[in-house]
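Counting starts at 1 for both ligands and their atoms, following the listed order. Heavy atoms only: backbone and side chains are in, while hydrogens, waters and symmetry mates are out.
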Amino acid sequence: MSATYDLSGRFAIVTGGAGGLGRGIARALLGAGAKVELWDANGTALLEAAADLGGEVAVRIVDITDALAVDRAAGAAFDGHGRVDILINNAGVLGEVKPIWETSPENFQRVLQVNLFGAYLVTRAVVGRMRQQSTRASLTPHPLRGHVVNIASIQGKEGMARAAAYSASKAGLLALTKSVAKETAQDGIVVTAITPSAAETAMAKEISEERRAEILGRIPMGRFVEVEEVARMVLWLSSDECSYATGGIFDLSGGRATY
Ligand SMILES: NC(=O)c1ccc[n+]([C@@H]2O[C@H](COP(=O)([O-])OP(=O)(O)OC[C@H]3O[C@@H](n4cnc5c(N)ncnc54)[C@H](O)[C@@H]3O)[C@@H](O)[C@H]2O)c1
């Protein structure tokens with residue numbers, strides 16, 4: 001039996017919420033009773049996700065690399081719901097799978113722009129407002145204001161040949177996680193990140209069979225992570241059960257992580 005969490009009355013934003021992991025995470029948050037708003041640049045995929053998820057789900061077309069659009073979306077979310085309890089920074093792109101000397105500068109910039117700068121913009125806009133909202137009782141004597149979970153990657157810890165931009169962007173996201181956690185440590189905001197290995201989403205379908213085999217060969221468990229396994233860890237990290245782990249980087253790599 002799965003652990004259950006009561007997130008009723010909580011409001012969550014999931015960026016990249018129309019995609020594979022984002023949708024799975026949103027499903028888990030909705031299942032725990034939270035209201036969820038999906039932010040994604042892909043309007044068609046957002047409508048599909050909303051129809052698929054049902055329940056207390058709202059959608060908003062947001063390109064997370066657009067500072068003005070992100071700030072407007074954050075303002076609207078706080079105005080509409082009064083508060084944001086949970087932020088999942090999940091939107092991301094893979095980019096070119098090539099050795100660095102064959103990649104284009106435009107690709108490097110784009111991958112960092114979405115995976116790191118976009119997460120920065122969303123965190124800046126949402127956490128800046130989250131700090132101002134009232135605290136709520138938690139399971140400990142220490143009240144909480146909210147949780148932020150950043151979806152990084154094992155490649156951000158280990159690096160990966162033919163994925164320098166992606167790996168660098170995710171390493172940057174891990175450093176952003178630790179830094180923001182220190183800045184908000186006394187505000188009752190718990191900031192964490194996860195480092196999954198590969199999952200069967202649209203992103204995994206972008207890679208060749210040879211690349212798949214290369215990635216699989218690096219995972220001691222010999223399989224990809226299930227979307228539900230990611231969602232369950234994110235659920236815990238978004239709940240009051242996770243009250244003291246701020247700045248923590250949580251591994252989800254089937255044994256691939258070496259630290
Ligand atoms: N699938 C994997 O193997 C894997 C492994 C580790 C980490 N991750 C990370 O998980 C996250 C989700 O990936 P996924 O596997 O669900 O991929 P996905 O391609 O299914 O979903 C990514 C979503 O992000 C959205 N997006 C892209 N650029 C955006 C932008 N500028 N603004 C707003 N939305 C944007 C896309 O439209 C898409 O819906 C990513 O950050 C990815 O790096 C994925």
Side-chain angles (χ1 to χ4, degrees), residues 13-28 37-50 52-53 59-70 72-74 87-95 97 107 109-123 125 149-160 163 165-174 176-177 193-207 211-212 214-216 218-219 223-231 233-234 249-254 256-257:
I13 294 171
V14 182
T15 72
L21 291 187
R23 203 181 292 200
I25 292 165
R27 198 185 305 281
E37 190 165 284
L38 310 177
W39 289 10
D40 205 289
N42 185 336
T44 313
L46 268 179
L47 292 180
E48 279 169 23
D52 176 27
L53 291 168
V59 297
R60 193 182 293 275
I61 298 176
V62 186
D63 178 347
I64 62 160
T65 66
D66 179 340
L68 194 61
V70 167
R72 280 206 189 113
L87 167 62
I88 313 294
N89 274 313
N90 164 79
V93 292
L94 182 60
V97 180
N107 171 75
Q109 246 169 358
R110 179 66 190 158
V111 173
L112 260 82
Q113 192 78 7
V114 177
N115 297 2
L116 181 56
F117 185 65
Y120 151 75
L121 287 179
V122 175
T123 305
V149 186
N150 295 326
I151 312 303
S153 163
I154 187 65
Q155 297 186 16
K157 286 173 92 175
E158 282 198 351
M160 180 87 186
Y166 183 79
S167 303
S169 72
K170 294 300 187 178
L173 184 58
L174 295 179
L176 184 134
T177 304
I194 63 167
T195 57
S197 55
E200 293 286 2
T201 63
M203 193 172 275
K205 292 185 178 63
E206 284 177 39
I207 58 176
R211 182 68 164 178
R212 272 179 81 86
E214 186 187 347
I215 292 173
L216 206 53
R218 287 166 181 270
I219 303 173
R223 66 173 178 86
F224 284 10
V225 65
E226 299 291 336
V227 171
E228 293 72 21
E229 290 176 309
V230 175
M233 181 176 268
V234 173
I249 306 301
F250 290 78
D251 215 81
L252 200 63
S253 67
R256 179 174 160 181

Spacing of CG belonging to Leu176 relative to CG belonging to Leu116, to within rounding of 0.5 Å: 6.5 Å
Proximity flag Lys170 to ligand 1, non-hydrogen atoms under 4.0 Å: yes
Nitrogen or oxygen atoms of Ser153 and ligand 1 under 3.5 Å apart: no
Location of contacts on Gln155 toward ligand 1, heavy atoms closer than 4.0 Å: neither
Atom 13 (O) of ligand 1: nearest protein contact (heavy atom, Å): Met203 CE, 4.0 Å
Protein residue, atom and distance nearest to atom 20 (O) of ligand 1, heavy-atom basis: Gly20 N, 2.9 Å
Close-contact set for ligand 1 against Asp63 heavy atoms, below 4.0 Å: 30 (C), 31 (N), 32 (N)
Gly24 to ligand 1, any heavy atom closer than 4.0 Å: no
Protein heavy-atom partner closest to atom 3 (O) of ligand 1 - residue, atom, separation in Å: Ala199 N, 2.8 Å
contact_flag Gly17 ligand 1 heavy-atom lt 4.0 Å: no
Close side-chain approach of Gln155 to Lys170, heavy-atom, < 4.5 Å: no
Sub-4.0 Å heavy-atom contact, Gly118 with ligand 1: no
Donor-acceptor contact present, side-chain Asn150 to main-chain Ala152, <3.5 Å: no
By side-chain hydrogen bond (donor to acceptor under 3.5 Å, both in side chains) - contacts of Glu48 (at least two apart): none
Under-4.0 Å heavy-atom contact with ligand 1, by part of Thr195 that carries it: neither
Other residues, nucleotides, ligands: >12 heavy atoms within 6.0 Å of Glu214 CD: yes
Flag side-chain contact, heavy atom, 4.5 Å: Glu158 against Thr195: no
Distance in Å, Ile194 CD1 paired with Ile88 CD1, rounded so as to fall on 0.5 Å steps: 8.5 Å
Nearest neighbour in protein (non-hydrogen) for atom 37 (O) of ligand 1: Asp40 OD1, 2.6 Å
Shortest protein heavy-atom distance from atom 21 (O) of ligand 1, along with the residue and atom involved: Gly19 CA, 3.4 Å
Polar atom proximity, Leu21 to ligand 1 (N or O, under 3.5 Å): yes
N/O donor-acceptor pair under 3.5 Å between Asn89 side chain and Thr15 backbone: no
Close-contact set for ligand 1 against Asn42 heavy atoms, below 4.0 Å: 37 (O)
Per-atom contacts of ligand 1 with Val62, taking only distances under 4.0 Å to non-hydrogen atoms: 32 (N), 33 (C)
Contact check: Tyr166 vs ligand 1, nitrogen or oxygen atoms, below 3.5 angstrom: yes
Nearest-contact summary for atom 11 (C) of ligand 1 - protein heavy atom, Å: Asn90 O, 3.0 Å
Expected output: side-chain Asn90 to main-chain Gly16 donor-acceptor under 3.5 Å: yes
Element-labelled atoms of ligand 1 that are located less than 4.0 Å from some non-hydrogen atom of Ala198: 3 (O)
Min side-chain heavy-atom separation Arg72-Arg60 under 4.5 Å: no
Polar proximity ligand 1 side, Val114 side, N/O cut 3.5 Å exclusive: no
Residue and atom name of the nearest protein heavy atom (relative to atom 15 (O) of ligand 1), distance in Å to one decimal: Thr201 OG1, 2.5 Å
Arg223 with Glu200: basic N within carboxylate O range, under 4.0 Å: no
Nearest protein heavy atom with distance in Å, relative to atom 34 (N) of ligand 1: Ala41 N, 3.2 Å
Test item: Asp40 side-chain N/O and Ala18 main-chain N/O as donor-acceptor pair under 3.5 Å: yes
Min side-chain heavy-atom separation Leu46-Ile61 under 4.5 Å: yes
Numbered atoms and elements of ligand 1 in range of Gly16, under 4.0 angstrom, heavy atoms: 23 (C), 24 (O), 25 (C)
Min side-chain heavy-atom separation Ile151-Val234 under 4.5 Å: yes
Set of residues satisfying salt bridge (Lys or Arg N to Asp or Glu O under 4.0 Å) with respect to Arg110, sequence neighbours excluded: none
Contact atoms of ligand 1, heavy-atom distance to Ala91 under 4.0 Å: 24 (O), 34 (N), 35 (C), 41 (O)
Contacting atoms of ligand 1, where contact means under 4.0 angstrom from a heavy atom of Ser197: 5 (C), 6 (C)
